[in-house]
Amino acid sequence: MPESLILILAILVLGAIAFLLFKKPTTASKPAPVKKDELIQKYEDEMHEIIDKYKDDSTNFQKKKIEYLKFASHELHNNIFFDAHEAKEIIRKLASL
């Protein structure tokens, strides 16, 4: 009888340890509007980097700006946070920088 009790306790302890080891850590997720604002800010910051890098070379600036706008447009249209109208508005804003 005591051996079976020890066996049961050992199984319960091992189960609890396994549960604690394999339990996914909880991460605090950000609300959608905050994520959207952060993404928009990231695209604007990257565009400003291109502007600063190529401000003295207009030929390369136009080329890099167009490449980045195509890249950003593709990313925004595939992003679940933005609908097509929002993506177009963000691209217009980036193009006007």
Side-chain angles (χ1 to χ4, degrees):
M1 184 86 178
E3 294 105 13
S4 63
L5 184 60
I6 293 173
L7 181 62
I8 291 172
L9 286 174
I11 291 172
L12 288 175
V13 168
L14 288 175
I17 291 171
F19 175 76
L20 292 175
L21 288 176
F22 294 111
K23 184 178 107 174
K24 290 184 179 179
T26 57
T27 57
S29 62
K30 298 176 186 176
V34 173
K35 289 180 185 178
K36 288 173 79 169
D37 290 340
E38 287 178 353
L39 286 170
I40 293 168
Q41 187 62 48
K42 180 188 85 127
Y43 288 120
E44 289 177 0
D45 290 345
E46 289 174 356
M47 181 58 81
H48 284 295
E49 287 177 18
I50 291 171
I51 292 168
D52 291 341
K53 187 174 181 178
Y54 296 101
K55 63 185 171 190
D56 297 329
D57 186 0
S58 63
T59 305
N60 277 335
F61 170 69
Q62 286 298 323
K63 181 180 173 187
K64 295 296 182 181
K65 184 175 180 180
I66 291 169
E67 286 175 8
Y68 185 72
L69 289 172
K70 287 179 183 179
F71 166 77
S73 177
H74 178 73
E75 292 262 320
L76 287 168
H77 281 90
N78 289 328
N79 192 307
I80 61 172
F81 292 115
F82 302 101
D83 61 22
H85 177 70
E86 288 175 314
K88 288 178 185 177
E89 288 301 315
I90 295 167
I91 294 300
R92 274 194 202 111
K93 184 177 179 183
L94 291 174
S96 69
L97 294 178

> How far apart are the closest heavy atoms of His77 and Ala84, and which atoms are they?
NE2-O, 4.1 Å
> Taking transitive links into account, so neighbours of neighbours count too, which hydrophobic residues share a cluster with Val34 at under 4.5 Å side-chain distance?
none
> Can you tell whether the side chains of Arg92 and Glu89 come within less than 4.0 Å, N to carboxylate O?
yes
> Return each pair, listed once, that meets salt bridge (charged side-chain N to carboxylate O under 4.0 Å, His left out) where at least one residue sits in residues 48-61; pairs must be two or more places apart or across chains.
none
> Output all residues satisfying side chain to side chain donor-acceptor pair (under 3.5 Å) with Lys93, sequence neighbours left out; order by chain, then residue number.
Glu44
> With clusters built from Ile, Leu, Val, Met, Phe, Trp and Tyr whose side-chain heavy atoms come within less than 4.5 Å, directly or transitively, what are the remaining members of the cluster of Tyr54, listed by chain and number?
Leu39, Ile40, Tyr43, Met47, Ile50, Ile51, Phe61, Tyr68, Leu69, Phe71, Leu76, Ile80, Phe81, Phe82, Ile90, Ile91, Leu94, Leu97
> Nearest 0.5 Å, please: how far is CD1 in Ile6 from CD1 in Ile11?
12.5 Å
> Apply the test side chain to side chain donor-acceptor pair (under 3.5 Å) to residues Asp37 and Gln41: give CA-CA distance (whole Å), side-chain angles for both, the deciding distance (0.1 Å), then the verdict.
CA-CA 6 Å; Asp37 290 340; Gln41 187 62 48; over 6 Å; no
> Not counting sequence neighbours, which residues clear side chain to side chain donor-acceptor pair (under 3.5 Å) with Glu67? List them please.
none
> Within a 6.0 Å radius of atom NE2 on His74, are there more than 12 heavy atoms belonging to other residues, nucleotides or ligands?
no
> Can you list everything that forms a side chain to side chain donor-acceptor pair (under 3.5 Å) with His48? Sequence neighbours excluded, please.
none
> Tell me, which pairs form a salt bridge (charged side-chain N to carboxylate O under 4.0 Å, His left out) where one or both residues lie in residues 70-88, sequence neighbours left out?
Lys36-Glu86
> List for me each residue that meets side chain to side chain contact (heavy atoms under 4.5 Å, CB included) alongside Gln62, sequence neighbours excluded, and say none if there are none.
none
